[in-house]
K.L.:
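I am attaching a structure below and will ask some questions about it afterwards.
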Amino acid sequence: MYTTRVASTYSARPAAQALKALNGLSRSAVTVVTHRPGLIAIQQQPWTTSKRHFSATPQTQIREFFPEKETDKVRKTEAAWAHPIYTPEQMKAVTVAHRDMRNWSDYVAMTMVRILRWGLDLASGYRHGTPDKPFHMTERKYMVRNVFLESVAGVPGMVAGVLRHLHSMRRMKRDNGWIETLLEESYNERMHLLTFLKMAEPGWFMRVMVLGAQGVFFNALFISYLMSPRTTHRFIGYLEEEAVLTYTREIEDLDAGLLPKWEKMQAPDIAVDYWKMPEGHRSMRDLLMYIRADEAKHREVNHTLGNLDQKNDPNPFVAEYKDKTKPHPGKGIQYLKATGWEREEII
């Protein structure tokens with residue numbers, strides 16, 4: 001099961017003083033698991049127990065997920081890639097979209113996505129109801145889905161970036177800017193995972209599934225990118241379409257009042273710092289809007305890269321264009337194109 005982390009306070013003052021500061025919190029809302037000088041862990045368990053145990057961790061055991069490192073001279077470490085600023089209007093403009101299949105490469109990619117989607121749904125327990133068979137996901141089930149999805153979503157960009165890096169050194173030629181964008185995409189997906197891990201802790205069952213999924217996914221992508229980078233980018237583009245659909249459904253369910261435990265939940269500090277979330281826009285819904293916009297950007301990037309000459313064309317998302325007044329690809333979502341940019345539009 002998942003255990004939501006409400007707060008974790010590291011302080012030099014005695015534990016008794018810290019406990020005194022918590023008097024305003026509801027007794028039913030929090031449970032002090034254990035305390036020792038300088039550390040108090042408070043856990044909340046809003047989700048009901050399921051027959052599928054996603055955690056074997058005893059409730060009395062404290063597990064610190066990547067606590068901030070404090071040294072004598074270093075205050076904090078900034079993100080390696082600064083995230084572009086998204087406006088509320090830009091994030092609201094994100095829509096579910098699908099690029100039509102036009103050749104055998106697209107059909108192969110879409111077939112593999114359907115197989116992978118079936119496997120991910122089965123492993124994470126995700127499904128969406130229909131008018132004939134209504135079914136509503138709970139906060140816990142969505143969190144399981146999100147953690148499992150993001151734990152493998154960071155693999156493709158890293159695999160493609162590493163292979164292109166090695167290829168560039170072998171050829172002793174520049175890569176035309178592709179490597180940076182691919183690695184940044186992988187980093188962004190990992191930030192999604194780290195954000196969700198600040199809100200829920202996976203247990204041994206989930207960890208075993210992630211280990212197996214990463215092993216299979218990494219090696220499959222490694223081989224496929226060696227064989228056909230174009231097909232692999234199209235595959236990731238179609239996969240990101242599914243990610244946009246999933247987060248759109250989460251937002252719709254939240255707006256419909258089907259996820260009441262998320263209505264007043266605030267985004268963790270790691271998310272606020274990474275996305276530069278403004279005051280008053282740091283709710284769980286806002287967080288899902290940011291993540292969905294990221295997935296829409298990855299959808300655009302991979303569909304676009306799948307349209308280009310894999311060896312010779314420059315990366316359009318870091319290129320400087322002669323006519324800057326016309327819409328063109330970029331790092332942000334100002335000119336987001338859901339099905340990707342065609343080669344003749346940008347090259």
Side-chain angles (χ1 to χ4, degrees), residues 81 83-84 86-87 89-103 105-117 120-121 126 145-146 149-150 152-161 178 180-193 217 221 224-225 229-252 275 287-308 310 315-318 327-343 345-346:
W81 281 281
H83 194 280
Y86 294 163
T87 66
E89 292 74 21
Q90 291 172 348
M91 291 188 288
K92 289 177 183 177
V94 173
T95 58
V96 174
H98 173 65
R99 179 186 173 90
D100 294 332
M101 294 170 283
R102 305 178 185 180
N103 50 49
S105 178
D106 292 354
Y107 280 100
V108 170
M110 191 64 209
T111 300
M112 296 308 298
V113 166
R114 287 170 178 166
I115 295 174
L116 181 62
R117 175 65 192 256
L120 286 173
D121 290 351
Y126 174 86
R145 169 71 172 185
N146 294 345
L149 177 67
E150 299 298 348
V152 297
V155 174
M158 183 60 66
V159 171
W178 288 48
E180 292 84 351
T181 294
L182 294 170
L183 295 182
E184 185 176 3
E185 176 182 311
S186 181
Y187 179 87
N188 176 255
E189 297 284 13
R190 190 175 66 90
M191 291 302 297
H192 294 175
L193 175 62
F217 201 39
L221 284 171
S224 66
Y225 206 84
R230 183 189 300 273
T231 303
T232 306
H233 282 299
R234 186 71 70 222
F235 165 79
I236 301 304
Y238 285 139
L239 194 61
E240 296 294 355
E241 291 179 0
E242 298 295 328
V244 172
L245 175 61
T246 296
Y247 286 116
T248 298
R249 285 174 172 173
E250 292 186 34
I251 295 171
E252 290 175 347
W275 280 284
L287 175 61
L288 293 175
M289 291 288 286
Y290 276 98
I291 294 178
R292 185 182 68 166
D294 284 345
E295 304 296 0
K297 186 62 183 180
H298 301 161
R299 176 185 63 186
E300 175 197 38
V301 168
N302 282 279
H303 275 320
T304 301
L305 296 182
N307 295 334
L308 305 181
Q310 303 296 301
N315 176 6
F317 294 94
V318 295
H328 57 78
K331 284 195 172 184
I333 57 174
Q334 181 180 3
Y335 301 119
L336 187 66
K337 197 164 186 177
T339 57
W341 298 79
E342 300 298 331
R343 186 174 187 273
E345 294 180 299
I346 50 180

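Everything quoted here is computed from the prediction, not taken from an experiment.
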K.L.:
Should Tyr238 and Asn302 be marked as a side chain to side chain contact (heavy atoms under 4.5 Å, CB included) after you check the CA-CA gap, both sets of side-chain angles, and the distance that decides it?
P.N.:
CA-CA 9 Å; Tyr238 285 139; Asn302 282 279; over 6 Å; no

K.L.:
Applying ring pair (Phe, Tyr, Trp, His ring centres under 6.0 Å), can you list everything that pairs with Tyr126, at least two apart in sequence or on another chain?
P.N.:
none

K.L.:
Counting only N and O atoms by type, is there a donor-acceptor contact under 3.5 Å from the side chain of Gln310 to the main-chain atoms of Leu308?
P.N.:
yes

K.L.:
Just jot down the ring pair (Phe, Tyr, Trp, His ring centres under 6.0 Å) partners of Tyr335, sequence neighbours excluded, or say none.
P.N.:
His328

K.L.:
Looking only at atom types and distance, does a side-chain atom of Lys297 sit under 3.5 Å from a main-chain N or O of Gly332, one as donor and one as acceptor?
P.N.:
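Side chain of Lys297 to backbone of Gly332: a pair is present.
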
K.L.:
What's the spacing between Ile291 CD1 and His192 NE2 if we round to 0.5 Å?
P.N.:
5.0 Å

K.L.:
To the nearest 0.5 angstrom, please state how far the NE2 atom of His303 sits from the CD atom of Glu342.
P.N.:
10.5 Å

K.L.:
Looking at residues at least two apart in the chain, or sitting in another chain, which of them share a side chain to side chain donor-acceptor pair (under 3.5 Å) with Thr231?
P.N.:
Ser105, Ser228

K.L.:
Give the minimum heavy-atom separation between Ile236 and Leu221, together with the two atoms involved.
P.N.:
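The pair with the smallest heavy-atom distance is CD1-CD2, 4.3 Å.
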
K.L.:
Given Leu245 and Arg249, is the side chain to side chain contact (heavy atoms under 4.5 Å, CB included) satisfied, shown in steps?
P.N.:
CA-CA 6 Å; Leu245 175 61; Arg249 285 174 172 173; 3.8 Å; yes

K.L.:
Roughly how far, to the nearest 0.5 Å, is CE of Met191 from CG of Asn188?
P.N.:
8.5 Å

K.L.:
Quick check against the 3.5 Å criterion: does Arg292 have a side-chain atom that pairs as donor or acceptor with the backbone of Met91?
P.N.:
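Yes, Arg292 side chain to Met91 backbone: donor-acceptor pair under 3.5 Å.
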
K.L.:
Within this structure, what is the CG-CZ distance for the pair Leu120 and Arg145, rounded to the nearest 0.5 Å?
P.N.:
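Result: 5.5 Å between the selected atoms.
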
K.L.:
Provide the closest heavy-atom pair for Ile346 versus Pro329 in the form atom of the first, atom of the second, distance.
P.N.:
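Taking Ile346 first and Pro329 second, the nearest heavy atoms are CG2-CD, 3.4 Å.
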
K.L.:
Would you give the length of the straight line joining atom CG of Asn146 to atom CD of Glu250, rounded to the nearest 0.5 angstrom?
P.N.:
4.0 Å

K.L.:
What's the shortest heavy-atom distance between Arg102 and Asp106, and which atoms?
P.N.:
N-OD2, 3.0 Å

K.L.:
Give the C-alpha distance, both sets of side-chain angles, the deciding distance and a yes or no for side-chain hydrogen bond (donor to acceptor under 3.5 Å, both in side chains) between Asn315 and Glu180.
P.N.:
CA-CA 9 Å; Asn315 176 6; Glu180 292 84 351; 6.0 Å; no

K.L.:
For Trp275 and Leu287, which heavy atoms make the closest approach, and how far apart are they?
P.N.:
CZ3-CD1, 3.7 Å

K.L.:
Within the side chain of Arg299, is there an N or O that forms a donor-acceptor pair under 3.5 Å with the backbone of Gly237?
P.N.:
no

K.L.:
Okay, side chain of Ser186, backbone of Leu183: is any donor-acceptor separation there less than 3.5 Å?
P.N.:
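Answer holds: no.
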
K.L.:
Look up atom CH2 in Trp178 and atom CG in Leu182, then write down how far apart they are to the nearest 0.5 Å.
P.N.:
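Trp178 CH2 to Leu182 CG: 7.5 Å, rounded to 0.5 Å.
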
K.L.:
With a 4.5 Å cut-off on side-chain heavy atoms, are Met158 and Glu189 touching?
P.N.:
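They are not in side-chain contact.
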
K.L.:
Hey, is Glu345 close enough to Lys337 for a salt bridge, meaning N to O under 4.0 Å?
P.N.:
yes

K.L.:
Please list, chain by chain and in numerical order, all residues satisfying salt bridge (charged side-chain N to carboxylate O under 4.0 Å, His left out) with Glu150, sequence neighbours excluded.
P.N.:
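So Glu150 forms no salt bridge (charged side-chain N to carboxylate O under 4.0 Å, His left out) with any residue.
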
K.L.:
Side chains of Arg99 and Asn307 only: does a donor on one sit below 3.5 Å from an acceptor on the other?
P.N.:
yes

K.L.:
How far apart are the closest heavy atoms of Leu239 and Val113, and which atoms are they?
P.N.:
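Closest approach of Leu239 to Val113: N-CG2, 3.9 Å.
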
K.L.:
Give the C-alpha distance, both sets of side-chain angles, the deciding distance and a yes or no for side chain to side chain contact (heavy atoms under 4.5 Å, CB included) between Thr248 and Ile251.
P.N.:
CA-CA 5 Å; Thr248 298; Ile251 295 171; 5.7 Å; no

K.L.:
Looking at Tyr247 and Leu288, what are the two nearest heavy atoms and their distance?
P.N.:
CD2-CD2, 4.0 Å

K.L.:
Just to verify, what does Tyr225 make a ring pair (Phe, Tyr, Trp, His ring centres under 6.0 Å) with, not counting sequence neighbours?
P.N.:
His233

K.L.:
Between Asp294 and His298, is a side-chain hydrogen bond (donor to acceptor under 3.5 Å, both in side chains) present by the stated rule, with each step listed?
P.N.:
CA-CA 6 Å; Asp294 284 345; His298 301 161; 5.7 Å; no

K.L.:
Hey, could you give me each pair passing salt bridge (Lys or Arg N to Asp or Glu O under 4.0 Å) that has a residue in residues 238-247? Not counting sequence neighbours.
P.N.:
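Matches after skipping sequence neighbours: Arg117-Glu242.
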
K.L.:
Evaluate the criterion side chain to side chain contact (heavy atoms under 4.5 Å, CB included) for residue pair Phe217 and Val159; output intermediate values, then yes/no.
P.N.:
CA-CA 10 Å; Phe217 201 39; Val159 171; over 6 Å; no

